[in-house]
There are 2 protein chains.
Amino acid sequence: MKAAPRPCSIADTLALVGEKYALLVLREVSLGVRRFDRIARNTGAPRDILTARLKRLVEAGILEKVPYSARPPRFEYRATAAGEELQPVLVTLMAWGDRHLNADDRPVVLEHDCGEVLSPRLVCAHCGGEAGRDSLRHHVRAPGWTTAGPVEPGAS
Amino acid sequence: MKAAPRPCSIADTLALVGEKYALLVLREVSLGVRRFDRIARNTGAPRDILTARLKRLVEAGILEKVPYSARPPRFEYRATAAGEELQPVLVTLMAWGDRHLNADDRPVVLEHDCGEVLSPRLVCAHCGGEAGRDSLRHHVRAPGWTTAGPVEPGAS
DNA sequence: GGTGAGGGTTTGAAAATCCAACGCACAGGG
DNA sequence: CCCTGTGCGTTGGATTTTCAAACCCTCACC
């Protein structure tokens, strides 16, 4: 055997949406841009790559194809419920980039219902307290693994 | 000209951490795994790729090299403040994978200070209200762009 | 009948990935 | 001293992906 990587939902999620352009496609769909040509232009993805990404995202249940014309057969792409649940990922990535890369002029600003510009904060749904590094503890449940690595750090 | 993609902090952030393995490296570092060999094994990244990713993340100010042995010269990799601010991204990705891919047996569980298993929630730091799709409005500030796309949808 | 839009597929060159092997610097043991 | 092992990479070559541009097909419209 040749040492499987750590079992992890982050890795599993990235296997679906971690390829180049996948999250940008989702961004466009979230913005209401649902057609092939527009998504291609707005993301910069080559058309053949976009074809592959859309196919994968549809198979993963993140997007769905909805017909908007029968003849010729034409579809648009919409986020499913699962797809919409990825929005916090987009928002969080955007907030990081706004802070660290585009501090002086943000390309897009999100306005929250309350009227303020959104700065997103991750909290515990249960107690409402901040969910930051210092308030979290990892419990590795995958058999054979610990926080540091595999139990048997070499052999099989 | 050949049509630049939409200016966007999500894209800018992904240009740094969107390559394969980059976020998994950050995951390991966040878990306290800081040395080359272990990161390689736990993520599954080929060693040459890992070299490239670490270099890029260090240059981006997300990780830093800290010497832990002078002779032979050896370094470990730690998250900078900017790097730690990416943790919400990891947590959010993990939550999605836990819900949609590993619902019946999560490889890793996060426990919040309050004693409960964390389910993360994104809120507005200002008012504390949920920051979901329906409570957000996009304002595109980049010149020449609207929510739907470029102002002049073809020409330059 | 010609033109144009929408949504892809094809083609071939360029870049990134993967994996195994190698290199180097040192530590520890015999 | 010699041999082995560990840590951290680098190198070489085969394999995949990406990319950009061109092509194709179906219709709508004039």
Side-chain angles (χ1 to χ4, degrees), chain A residues 1-5 11 14-25 28-29 33-59 63-78 148-150 152-155, chain B residues 1-5 11 14-25 28-29 33-59 63-78 148-150 152-155:
Chain A
M1 293 214 92
K2 33 61 154 323
L14 287 174
L16 297 181
V17 299
E19 293 168 304
K20 201 169 176 188
Y21 302 117
L23 286 174
L24 298 185
V25 169
E28 290 301 317
V29 171
V33 177
R34 307 176 213 274
R35 322 266 251 232
F36 191 91
D37 263 31
R38 299 277 162 129
I39 297 174
R41 204 170 26 58
N42 293 357
T43 60
R47 304 168 73 82
D48 55 344
I49 304 294
L50 180 56
T51 301
R53 293 296 175 274
L54 288 170
K55 183 165 170 246
R56 188 155 182 58
L57 291 171
V58 168
E59 283 168 3
L63 297 183
E64 58 186 343
K65 264 172 119 157
V66 178
Y68 70 88
S69 149
R71 327 193 17 76
R74 290 285 134 85
F75 303 88
E76 58 181 25
Y77 297 89
R78 291 170 177 274
E152 215 172 333
Chain B
M1 295 213 89
K2 33 68 158 314
L14 287 174
L16 296 181
V17 298
E19 293 168 302
K20 202 171 176 187
Y21 302 116
L23 285 174
L24 298 185
V25 169
E28 289 302 317
V29 171
V33 177
R34 307 177 214 275
R35 321 262 251 234
F36 191 89
D37 262 31
R38 300 278 164 133
I39 298 173
R41 204 169 26 59
N42 293 357
T43 59
R47 305 168 75 81
D48 55 346
I49 304 293
L50 179 57
T51 301
R53 293 296 176 275
L54 287 170
K55 184 166 170 244
R56 188 156 182 58
L57 290 171
V58 168
E59 284 168 2
L63 298 183
E64 58 187 343
K65 267 173 116 154
V66 177
Y68 71 89
S69 150
R71 327 188 19 71
R74 290 286 135 85
F75 303 88
E76 58 181 25
Y77 298 89
R78 292 171 176 275
E152 216 172 333

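Below, read A as the first sequence line, B as the second, and so on, with proteins coming before strands; counting in each chain starts at 1. Only this structure's heavy atoms are used, side chains among them; waters, hydrogens and symmetry mates stay out. Quick caveat, the model's predicted, so the values are computed rather than measured.
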Expressed as a whole number of angstroms, how long is the span from [X]:[atom1] to [N]:[atom2]?
{"X": "Leu54(B)", "N": "dG7(D)", "atom1": "CG", "atom2": "P", "result": "16 Å"}
{"X": "Arg34(A)", "N": "dG7(C)", "atom1": "CZ", "atom2": "P", "result": "13 Å"}
{"X": "Tyr68(B)", "N": "dG9(D)", "atom1": "OH", "atom2": "P", "result": "9 Å"}
{"X": "Asp37(A)", "N": "dT26(D)", "atom1": "CG", "atom2": "C1'", "result": "14 Å"}
{"X": "Arg38(A)", "N": "dG6(C)", "atom1": "CZ", "atom2": "P", "result": "7 Å"}
{"X": "Leu50(A)", "N": "dG7(C)", "atom1": "CG", "atom2": "C1'", "result": "10 Å"}

Below the 4.0 Å mark, does dG6(C) have OP1 or OP2 next to a side-chain nitrogen or oxygen of Tyr77(A)?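 For dG6(C), OP1/OP2 do not have a side-chain N/O of Tyr77(A) under 4.0 Å.
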
Do [X] and [Y] have side-chain heavy atoms sitting under 4.5 Å apart?
{"X": "Leu16(B)", "Y": "Leu57(B)", "answer": "no"}
{"X": "Arg34(A)", "Y": "Tyr68(A)", "answer": "no"}
{"X": "Leu24(A)", "Y": "Asn42(A)", "answer": "no"}

Just how far is it from atom CZ of Arg41(A) to atom CZ of Arg35(A), taken to the nearest 0.5 Å?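 Arg41(A) atom CZ to Arg35(A) atom CZ measures 13.0 Å (nearest 0.5 Å).
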
Nucleotides 15-25 of chain C: protein proximity per nucleotide (B base, S sugar-phosphate only, - neither; heavy atom, under 4.0 Å): --SBB------

Between Lys20(A) and Glu19(B), is there a side-chain N and carboxylate O pair less than 4.0 Å apart? no

Does Glu64(B) pair with Arg78(B) as a salt bridge, N-O distance under 4.0 Å? no

